[in-house]
Amino acid sequence: MEHLAEVKNLKKYYPAKKKLFKERQYVKAVDDVSFYIDKGETFGVVGESGCGKSTLCKTMIRLTEPTGGSVFFNGRDIASLSPEEMRLMRRHIQIIFQDPYASLNPRMTVRELIKAPLDIFSDASEEEKMEEVFSAMELVGLNREFMNKYPHEFSGGQRQRIMIARALILRPEFVCCDEPVSALDVSVRAQVLNLMKDLQEKLSLTYLFISHDLSVVRYLCDRIAVMYLGRIVEIAEKDELYDNTYHPYTRCLISSIPIPDPEVKRHAMILEGDVPSPYNPPAGCHFHTRCPYATKECSERYPELREVAPGHSVACHFAEKIREGRA
Amino acid sequence: MKKEKGIKGSYFQDVVERFLHHKLAVFALFFLAVEILVVIFLPMILGLDPYSIDVMAFGKGPSDTHLMGTDDVGRDMFARIIYGGRVSLTVGILSAIISLIVGIPLGLIAGYFRGKSEIIVMRLADIFMSFPSMILILVLASVLGQSIVTITVVIGVLGWPDFARLIYASTLSVREKEYVESAKAIGTKTHNIILRYIVPNASAPVIIAFTFRTAQAIITESSLSFLGLGVQPPAASWGNILYYAQSISVLANKPWMWVPAGIILIITVLCINFLGDGIRDALDTKMSV
């Protein structure tokens, strides 16, 4: 089956300040990442802060230019499109940003914000556009009386609804969600997540869903990739990932999900130390400095992503051993 | 309709409200408004003529016929101050507009596109700002001829770096905002990103600078005219009225010929500056995010 989107060897390096007499260093925010997303599915990407999740998302849809690699969308490599071709492509690919307090132009009314994509891509008359704006507002649960208000008059949850209406009004095929609920109050998170789930069904959307919250990802996603320092360390179907974890880092993350029951004693794997500096990631497996199973080999050779079970890939030399040792 | 009136369009209302709290600025605005109305309409109403010569009164003090006296050639001082106000205010405002028109696009381009345009525009601005501008204006005014138009254009064009640097600086910060990225994400064309997203969010400091620039242009025009290089008689401006004060006998014995023009000039510039302060305080909030 043809994948809706396929990312191949995507790289995004940020040049660090060059020091005199030293070679220029790069922060490898996204380093050689490959995955695919099928039509209608929700693909989750998890990882801790600074691991390159957001960069991956923005590089994939070319809001930042990739350093290398390609992104196929319906079989077309969008990484090689000209800026103008890319601009036209954007009607099929949208993004929902993390912080609805920053992503809405404070000088535009709700109506202008939601109508903006139509003004760019639609030839419809002004009345038809307004009809679409109203139906989009209804779709995301915004009262149409709000249309002349400015974003700062809304709560975070409502702002994110405005953002969603704006992203979906052109009926895109693919939506990147860059931690869409992490800036929201816990009380409205569930509402927004459910809204996104409903809309996915109604409009047959495909999501790339980025989050650091494993319970959110588990709720929403079909397949999940785990990132650590710019690389994917494990990809699998949701249930496979949670029940059949191979990579030690993923096991750490999963064991750290809080369980809302004071009776349950948890055996969380607490990681030692901090995330290494992305300027100078450790040689070999990036995770070996914190991995309880690390051996000499881990510090010498980077483990390539390899399939350990159908649809389940892991980047760890000892994935099977670690798994069996646990069982 | 159950719209909460108090909240709707509240950004503009907030600004107006904060401005109204600034008493000095409100007074300044009022004063300037009256002044502008006066210099436009009073001559028509009273039939003032700044050029007609009263042969009965050369350099006479205030009297019934000449409220503020006459100058050495017998022209009515009151009429000349009103007409001078027309010229001085026009030169001030127009040259600030010219600075704005030249400076804003350049600053926007430099700030938004960065790269080569940034280097070219900003270094050019640095070069312009390191000229001793008064000398340059003197030279240009004498080379290009001393008319009101030349003065306005020269002062205006030389003022562009102020605006360019201001809008450049705020563009640099606004272009990194997520809403600009969001504009790109929906496929907005570059010129619309600049016009609809950058300009409205980056122009608060420009509005303030515009008032200060106007005040400064009025002073520059007056200085030039005082030196005899600006607006040429018989046309009147506050600056060339002050030119009379170069004569020691006028300075000492005929204060009606220069004191009123000097006072109105100072008050006007002061008021424009107060107005600028008021606008700055009104705009200076978290809303500029």
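To find a chain, count down the sequence lines: A is the first, B the second, and so on, and within it residues start at 1. Values reported hereafter were calculated over all heavy atoms of this structure, with side chains retained and with hydrogens, waters and symmetry mates removed.
In this structure, the side chains of Tyr179(B) and Pro106(A) come closer than 4.5 Å at one or more pairs of heavy atoms. Using a 4.5 Å heavy-atom threshold, the side chains of Met108(A) and Tyr197(B) count as touching.
In this structure, no portion of Phe146(A) lies under 4.5 Å from any heavy atom of chain B. Of the two parts of Ile61(A), neither the backbone nor the side chain holds a non-hydrogen atom closer than 4.5 Å to a non-hydrogen atom of chain B. Of the atoms belonging to Met89(A), not a single heavy atom falls under 4.5 Å from chain B. Residue Ile93(A) touches chain B through its backbone alone, counting heavy-atom pairs closer than 4.5 Å.
Asn105(A) places a side-chain N or O within donor-acceptor distance of the main-chain N or O of Arg196(B), the cut-off being under 3.5 Å.
To the nearest 0.5 Å, atom CG of residue Asp99(A) and atom NZ of residue Lys177(B) are 11.0 Å apart. Thr190(B) OG1 to Glu84(A) CD: the interatomic distance, rounded to the nearest 0.5 Å, is 8.5 Å.
Within 6.0 Å of CD in Glu138(A) there are 12 or fewer heavy atoms belonging to other residues, nucleotides or ligands.
Chain B forms the most heavy-atom pairs under 4.5 Å with one residue out of Ile95(A), Leu170(A), Thr109(A), Leu63(A), and that residue is Leu63(A).
Residues of residues 207-223 of chain B never come within less than 4.5 angstrom of chain A, heavy atom to heavy atom. Residues of residues 181-189 of chain B having a heavy atom under 4.5 Å from any heavy atom of chain A, listed by number: Glu181(B), Ser182(B), Ala183(B), Lys184(B), Ala185(B), Ile186(B), Gly187(B), Thr188(B), Lys189(B).
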